Structure formats: structure tokens, C-alpha cells
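The shown structure was predicted, so the numbers you read here are calculated from the model rather than taken from an experiment. All residue numbers refer to positions in the sequence shown, counting from 1.
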Amino acid sequence: LASMEKRAPIVMANALNATQTALKKHLAQHVKATNAYKKKIKNPEKELRASYKNLRATLIYERNDVGLNDFEVASGAFGSPRNTPGEKLSTKVRSEGALKPVSRAFVMRTGSKKIIVRRDTSARFPISRLFGPSEHNMVNHVWKEESTQEFTRKTLAEKLEEQINVVMLR
């Protein structure tokens, strides 16, 4: 590859982009495995691809809050229009562990959507919506794991080797 210096940046950019695609899929699978998140992980808000002039590939996920209703909630909570008095609503954000009760929380219907809210005081109002971690935070947590770092290094080495072989065969 050193003898083909004009092809080297293109090979590196192709390897980075292929690694970025594999990493995006890997992150989505691990977020689903480690969190009790019911929805599909969205594509990154920004996905900057590498080019021969810019050898940098970046994934940026949204920082929007995710409602607690998008995580695992005790069965029956959404089935009835209201919780029975004295019954505590239980939710789970992480896959491991048990459902945890949330004090003064209940399910509220807003149009066709059901959300989880909590009374801030013993009075009827004010109430506030409950949120879990954002997709950005869930992905960041998975990204910091050593297994993800190792997956990225290994994938980049494999994709770089593939791209070098493609150039050598031409």
C-alpha cells in the first residue's frame, strides 16, 4: 500500500466507513441487550462519513429524553385505564435486576399515547412526566465498555485488510 500513496486515503476511508456501519449495528444490539428499552434504537442524528480528504467517521446520537413508558413496565399497568388505589407502578430501565416501584406514579393517557407521570405533592396537581436515560446516554454507556472498544479495533483491522486486498487485486 505504501507504493500506492494515492490509493491509501481511499482505502482508509472505505475501511472507516465499513467499520462505522458495523459499529452502528453493534451499538444498537448491545443497547437492546443491556436496557429494558422496548423501541428500536434510532439511527444517529448525525452520521459523518470518512472521505479521502477527511479520514474521520463520527456517529452522534440525539440527547432527547426517553419517556419511562418506553422501558419495561409492570404488566397490567397499561391494560387498565387507572391503577388500583394503593397499587404501585413498577418499572425497569436496565435488563438485569427486578422491576422497581415508583412512588406516586401512574399511567396517564394523552390522546393515543400513554405516558407515566408522578404527582409532585400529595395534592392532585402539579404532576411531572418521568423519563429514563436518553438514547445518547444508553449508547455512551455501551461505547465505554471494553468489549465495544475491542470490537471496534478488531473490525477496523479486518475492514482495512479487506480493502487492501481489494486494491492489490485490481
Side-chain angles (χ1 to χ4, degrees), residues 15-50 56-159:
L16 283 170
N17 290 335
T19 302
Q20 180 185 37
T21 302
L23 180 63
K24 186 169 54 169
K25 185 177 180 183
H26 176 81
L27 288 172
Q29 288 172 344
H30 276 320
V31 165
K32 289 289 279 182
T34 57
N35 294 289
Y37 190 48
K38 295 187 286 188
K39 292 189 173 182
K40 180 181 178 223
I41 299 298
K42 295 178 193 151
N43 285 333
E45 183 180 25
K46 273 189 182 174
E47 186 174 347
L48 305 173
R49 309 283 285 173
R56 187 183 319 171
T58 308
L59 296 173
I60 299 173
Y61 284 85
E62 290 183 39
R63 294 182 178 264
N64 296 343
D65 292 328
V66 176
L68 200 55
N69 52 297
D70 291 334
F71 293 90
E72 190 174 325
V73 180
S75 61
F78 289 125
S80 61
R82 295 190 178 149
N83 293 355
T84 56
E87 179 187 355
K88 291 199 179 207
L89 185 73
S90 298
T91 62
K92 179 165 79 166
V93 173
R94 303 287 292 167
S95 290
E96 70 276 349
L99 289 164
K100 295 182 181 164
V102 182
S103 63
R104 296 193 309 249
F106 61 96
V107 177
M108 184 172 96
R109 186 176 299 219
T110 58
S112 62
K113 194 173 183 182
K114 296 177 184 176
I115 60 173
I116 298 176
V117 294
R118 175 175 39 201
R119 296 194 193 289
D120 295 334
T121 63
S122 58
R124 184 171 180 191
F125 292 108
I127 59 173
S128 58
R129 185 170 179 197
L130 297 177
F131 294 97
S134 67
E135 284 188 3
H136 171 81
N137 288 347
M138 290 186 281
V139 167
N140 230 7
H141 180 74
V142 170
W143 172 248
K144 290 177 183 174
E145 293 176 2
E146 185 60 36
S147 63
T148 304
Q149 299 286 330
E150 184 60 34
F151 171 82
T152 305
R153 284 190 289 272
K154 188 179 101 187
T155 305
L156 180 60
E158 288 171 6
K159 299 297 182 185

Can you tell me how far the [atom1] atom of [X] sits from the [atom2] atom of [Y], to the nearest 0.5 Å?
X: Phe71; Y: Asn35; atom1: CZ; atom2: CG; value: 6.0 Å
X: Asp65; Y: Asn137; atom1: CG; atom2: CG; value: 8.5 Å
X: Leu27; Y: Thr152; atom1: CG; atom2: OG1; value: 7.0 Å
X: Glu45; Y: Glu135; atom1: CD; atom2: CD; value: 10.5 Å
X: Met108; Y: Arg118; atom1: CE; atom2: CZ; value: 14.5 Å
X: Lys46; Y: Glu62; atom1: NZ; atom2: CD; value: 12.0 Å

Check for a donor-acceptor pair, side chain of [X] on one end and backbone N or O of [Y] on the other, with a separation under 3.5 Å.
X: Arg119; Y: Arg124; value: yes
X: Gln20; Y: Leu48; value: yes
X: Asn140; Y: His136; value: no
X: Lys144; Y: Gln149; value: no
X: Thr148; Y: Val142; value: yes
X: Thr21; Y: Asn17; value: yes

How close do [X] and [Y] get, heavy atom to heavy atom, and via which atoms?
X: Val93; Y: Pro133; result: CG1-CD, 3.5 Å
X: Leu23; Y: Phe151; result: CA-CE2, 4.0 Å
X: Lys38; Y: Asn69; result: NZ-O, 3.0 Å
X: Pro101; Y: Ser90; result: CA-OG, 3.7 Å
X: Ala36; Y: Lys92; result: CB-O, 3.4 Å
X: Ala33; Y: Ser95; result: O-OG, 2.9 Å

Original post:
Step by step, would you call Val117 with Leu130 a side chain to side chain contact (heavy atoms under 4.5 Å, CB included)?
Top reply: CA-CA 5 Å; Val117 294; Leu130 297 177; 6.0 Å; no
Report yes if the side chains of [X] and [Y] come closer than 4.5 Å at any heavy-atom pair, otherwise no.
X: Trp143; Y: His141; result: no
X: Tyr61; Y: Asn43; result: no
X: Leu59; Y: Lys24; result: yes
X: Val73; Y: Leu89; result: yes

**OP:** Answer with yes or no whether the side chains of Tyr37 and Glu72 bring together a donor and an acceptor at under 3.5 Å.
**Re:**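 Note: Glu72 and Tyr37 side chains miss the donor-acceptor criterion.
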Subject >> Asp120-Ser128 side chain donor-acceptor pair, cut-off 3.5 Å >> reply: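 Present: a donor and an acceptor within the cut-off.
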Original post:
Just wondering, more than 12 heavy atoms not from Arg94 lying within 6.0 Å of its CZ?
Top reply: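 More than 12 heavy atoms, drawn from other residues, nucleotides or ligands, come within 6.0 Å of this atom.
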Original post:
Is Glu146 salt-bridged to Arg153, going by a charged N under 4.0 Å from an acidic O?
Top reply: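 Between Arg153 and Glu146 there is a salt bridge, with a charged N closer than 4.0 Å to a carboxylate O.
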